[in-house]
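Following: one structure in C-alpha cells, then a few remarks.
Reminder, nothing fancy here: chain letters follow the sequence lines and each chain counts from 1. The structure presented is a predicted model; accordingly, all values stated were derived computationally and were not measured.
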Protein chains: 2
Amino acid sequence: MASYTQEELTGMVQEAGLRVTGHRLAVLGYLSKVKNPVTVYELVDALRKKDNIDQATVYRNLASLHEAGLLRRLDFNHGHAHYELETGRASHQLVCSNCETIEKIEGISIDDTVKKMLKKSKKFKQTTTHSMEIYGLCKNCA
Amino acid sequence: MASYTQEELTGMVQEAGLRVTGHRLAVLGYLSKVKNPVTVYELVDALRKKDNIDQATVYRNLASLHEAGLLRRLDFNHGHAHYELETGRASHQLVCSNCETIEKIEGISIDDTVKKMLKKSKKFKQTTTHSMEIYGLCKNCA
DNA sequence: GTATTAATGCAAATAACTTGCATTTTATAA
DNA sequence: TTATAAAATGCAAGTTATTTGCATTAATAC
Ligand SMILES: [Mn+2]
Ligand SMILES: [Mn+2]
Ligand SMILES: [Zn+2]
Ligand SMILES: [Zn+2]
C-alpha cells in the first residue's frame with residue numbers, strides 16, 4: 001500500500017525514538033506492503049520464515065510501534081487484533097458481522113459527522129486521526 | 001436504558017425461538033438496565049450473586065441471544081467483548097484509544113455516509129443496523 | 001571501545017473464551 | 001398431568017490470543 005523504502009522506515013523508527021532493529025523494520029516493511037489490516041498470526045507466520053522472529057518479539061514490536069503512533073490497531077469483533085500503518089488519514093471499513101470479510105473504503109470523509117459527535121460529547125473534546133467500522137453483512141453472508 | 005418488563009423480555013426470547021430461562025431473562029434484564037455496553041466480566045460478576053449463574057452459561061446465553069439478533073457485540077479494541085441490547089437503531093460511540101473510556105452519542109445519523117460507502121463497495125451491498133466507533137483521545141488522556 | 005539500556009528468544013503464565021459431559025429444565029405431545 | 005425430546009446448566013478442563021520473567025544479545029550514546 002504505502003510501500004516505504006528501507007531508509008524511510010528507518011527514519012520513521014528513529015523519529016519515534018525507538019531503536020532500529022531488523023525485526024522492527026521487518027514488521028513495518030510487511031505492513032507497508034499489504035493492503036488490508038493484518039492479524040498477528042499472519043505477521044508471525046510471514047516473518048518467522050525469513051527473519052526467524054519469535055511471536056513474543058512480534059507482539060512487543062507491534063506494541064512499541066503502536067505506542068509510538070506508527071501503527072493503528074483494529075479489532076472487527078474477531079477476537080484478535082489487526083494492525084495497519086498509521087497514515088495520518090482516517091481509515092474507514094465495512095465489516096461483515098458474520099464472517100471475517102472486511103473492505104477498506106477510500107475517498108470518503110466523515111469529518112462533519114465527527115464534528116457533530118464531538119459537539120454532543122461530554123467526555124471527548126477532540127479526535128486524532130480516526131477509524132470507523134460499519135458492520136453489516138457481506139454479499140456472501142447476506 | 002430500554003428497561004423492558006419481564007413480560008416483554010419473555011416475549012422477545014420466545015419470538016427469537018429460544019427457551020425462556022431465568023438466566024436468559026437475567027442477562028437480558030441486566031442489559032436493559034445499563035446505559036453503556038457491558039463486559040462479560042461485569043455481567044458474570046453482577047449475575048453470579050443473585051442468580052448463581054456460571055460464566056459458561058453467561059457466555060452461552062450471550063452467544064445465543066446475539067445469534068438471535070437480540071444483542072449487539074462491540075469490541076473497542078479492549079481485548080474483550082462488550083454487549084448491549086440490539087435496538088434496531090444504529091449505535092454510535094466515541095472511544096478513547098488510550099484508556100477504556102467510551103461514550104455513546106445519540107441523535108446523529110450517518111445513513112448518507114453508509115450509502116456512499118456501499119456505493120464504493122465491492123463486497124457489500126447492504127448493511128443491517130450498523131454500529132460506528134470513532135477513536136480518539138478522551139479529555140482525560142488528551 | 002565501553003557502558004547503558006533496549007531488544008530478543010524461549011518457556012511459562014495469564015486472560016478471554018470454549019467445550020465435554022453428566023445432570024437438570026423447558027417445551028411439546030400424548 | 002405425565003412422558004419425551006431437545007435445550008440449558010454447572011463444573012472442570014481445554015483453547016486461543018496475548019503477556020511476562022529471565023538470561024542473553026544487540027543498539028545507541030559517550
Ligand atoms: Mn480477523
Ligand atoms: Mn472494555
Ligand atoms: Zn460475510
Ligand atoms: Zn482516555
Quick one: which residue pairs count as a ring-ring contact (aromatic ring centres under 6.0 Å, His included) with a foot in residues 39-67 of chain A, not counting sequence neighbours?
none
Any side-chain N or O of R24(B) less than 4.0 Å from the OP1 or OP2 oxygen of dA8(D)?
yes
Between N77(B) (CG) and dA16(C) (C1'), how many Å, whole number?
15 Å
Can you check the H23(B) NE2 to dT26(C) C1' distance for me, whole Å?
13 Å
With no hydrogens and no angle check, just 3.5 Å: does a side-chain donor-acceptor pair link R24(B) and S64(B)?
yes
Once you round it to whole Å, what is the distance between P of dC11(D) and CZ of R48(B)?
12 Å
Distance test, side-chain N/O of H80(A) to OP1/OP2 of dA16(C), below 4.0 Å:
no
On a plain distance test, is the side chain of R19(A) in donor-acceptor contact with the base of dT5(C) below 3.5 Å?
yes
Output the distance between atom CG (N61(A)) and atom CG (L71(A)), rounded to the nearest 0.5 Å.
9.5 Å
Grab the CG-P distance between L25(B) and dT26(C) for me, whole Å please.
11 Å
Presence of H78(A) side-chain N/O under 4.0 Å of dA17(D) phosphate oxygens OP1/OP2:
no
For S91(A) and Q93(A), test the side chains for any donor-to-acceptor distance below 3.5 angstrom and give the result as yes or no.
yes
Return the value, rounded to whole Å, for the distance between atom CG of N52(B) and atom P of dT24(C).
15 Å
May I ask you to say what A81(A) touches in the nucleic acid, namely base, sugar-phosphate or nothing, with a heavy-atom cut-off under 4.0 Å?
sugar-phosphate
dT8(C), OP1 or OP2 - any side-chain N/O from N61(A) closer than 4.0 Å?
yes
Could you tell me the separation between the CD1 atom of I53(B) and the P atom of dC11(D), rounded to a whole number of Å?
12 Å
Judged by each residue's nearest nucleotide on DNA chain C, which is more toward the 5′ side, R60(A) or V20(B)?
R60(A)
Does Y59(B) place a side-chain N or O at less than 4.0 Å from the phosphate oxygens OP1/OP2 of dT18(C)?
no
What class does the angle between the rings of H80(B) and H82(B) fall in, given that below 30° is parallel, 30 to 60° is tilted and above 60° is perpendicular?
tilted
Quick one: on DNA chain D, does Q55(A) or D54(B) contact a more 5' nucleotide (nearest heavy atom)?
D54(B)
Side-chain N or O of T21(B) versus OP1/OP2 of dA7(D): is the shortest distance under 4.0 Å?
no
Whole angstrom is fine here: how far is it from CG in L62(B) over to P in dA8(D)?
13 Å
Take the protein atom CZ of F76(A) and the nucleotide atom C1' of dA17(D), then report the distance between them rounded to whole Å.
17 Å
